[in-house]
Amino acid sequence: MAIIDWVDQIHLGSMKFLVLFVGALAICVLAAGGFVYWKYIQLFPEPSAEVVQLTPEKRALLERLRRETKFQPHGFPPLGYAGAETPEERRRATDAVNGVIDAVLAQPDGPVQAREVSRLIGKGMSRVSQLATEDRDRTGGYLIEVWYILGFKGATGQFAYGPSYSRAEGYSEPLPPGWTAANQPRPIDPRCEAPC
């Protein structure tokens, strides 16, 4: 009987050790995961607090961009784009971009808050989160184009970029695909003067 009690004590002692070890390991894994997440979110700058004016000129350019046939192949730097992978993906991505443009155009001419447009951009990007990387990147390019058209200079807070993306001096977001300077946009499809 004494031998059985002794074996039970050893078994109980090793179980306590195992539980303590697993608990300490879980705490270490959670702490490491928290640290990695904290470093990741630091890649994204704070959204701008700017206020710009929505003018008839900006509205006309946004309306033209909305009518453009989007997600077509292009060779704009830094990466170029082969076009949407499928017609369904083109439709989803186009709907995401046009949804942001529609929400901006629904506002009256006058002040536009950067944080509100940033929120709209985040919502648009979440709509394409399951698409191919290239299609998500091109969606981001269109949404940065909306940001530039409106005249914001600060960061959207929605994107983190590497050094291969050129930024215009005084601007936090990289130039949209095809733009050569902050005030020199790419040519929007000229067939979009009237509804496309």
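Sequence positions, counted from 1, serve as the residue numbers for this chain. Keep in mind that what you see is a predicted model, and the values were worked out from it rather than measured.
- Nearest heavy-atom pair, Gln72 versus Thr69, reported as atom, atom and distance to 0.1 Å: NE2-CG2, 3.2 Å.
- For the side-chain contact (heavy atoms from CB on, under 4.5 Å) test with Lys70, the passing option among Thr94, Thr139, Asp95 is Thr94; the others fail.
- Here the straight-line distance linking atom CG of Asp135 with atom CD of Gln130 works out to 12.5 Å at 0.5 Å rounding.
- Legend: residues meeting salt bridge (Lys or Arg N to Asp or Glu O under 4.0 Å) with Arg66, ordered by chain and number and at least two apart, are Asp102.
- Between Tyr148 and Tyr171, the ring planes are parallel. Angles under 30° get that label, and only those over 60° would be called perpendicular.
- The two residues Tyr142 and Phe71 come nearest to each other via the heavy atoms OH-N, 3.0 Å.
- Here the OG1-CD1 distance, from Thr156 to Ile121, works out to 5.5 Å after rounding to the nearest 0.5 Å.
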N/O donor to acceptor pairs below 3.5 angstrom from side-chain atoms of residues 107-115, sequence neighbours left out:
{"from": "Asp109", "atom 1": "OD1", "to": "Arg59", "atom 2": "NE", "distance (Å)": "2.9"}
{"from": "Asp109", "atom 1": "OD1", "to": "Arg59", "atom 2": "NH2", "distance (Å)": "2.8"}

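- Ser118 contributes atom OG, which lies 4.0 Å from atom CD of Gln158 (distance to the nearest 0.5 angstrom).
- Between Val104 and Leu120, the closest heavy-atom pair is CG2-CD1, 4.1 Å.
- The hydrophobic cluster containing Leu65 also contains Leu105, counting ILVMFWY residues as joined when their side-chain heavy atoms lie under 4.5 angstrom apart, directly or transitively.
- Under the rule for a salt bridge (Lys or Arg N to Asp or Glu O under 4.0 Å), Glu85 has no partner lying at least two apart in sequence or in another chain.
- Across all their heavy atoms, Val128 and Ala96 have their closest contact at CG1-CB, 3.8 Å.
- Residues that satisfy the salt bridge (Lys or Arg N to Asp or Glu O under 4.0 Å) test with Arg136, not counting sequence neighbours, are absent from this structure.
- Note on Glu88 versus Arg91: salt bridge recorded, some NZ/NE/NH1/NH2 to OD/OE distance being below 4.0 Å.
- Pairing each heavy atom of Gly154 with each of Ser172, the nearest pair is C-CB, 3.6 Å.
- To the nearest 0.5 Å, atoms CZ (Arg138) and CG (Leu143) are separated by 9.5 Å.
- Considering only residues two or more places apart in sequence or on other chains, Thr55 meets the side-chain contact (heavy atoms from CB on, under 4.5 Å) condition with Gln53, Glu57, Lys58.
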Got a list of side-chain donor-acceptor pairs under 3.5 Å for residues 174-182, not counting sequence neighbours?
{"from": "Trp179", "atom 1": "NE1", "to": "Glu145", "atom 2": "OE2", "distance (Å)": "3.1"}
{"from": "Thr180", "atom 1": "OG1", "to": "Gln184", "atom 2": "OE1", "distance (Å)": "2.8"}

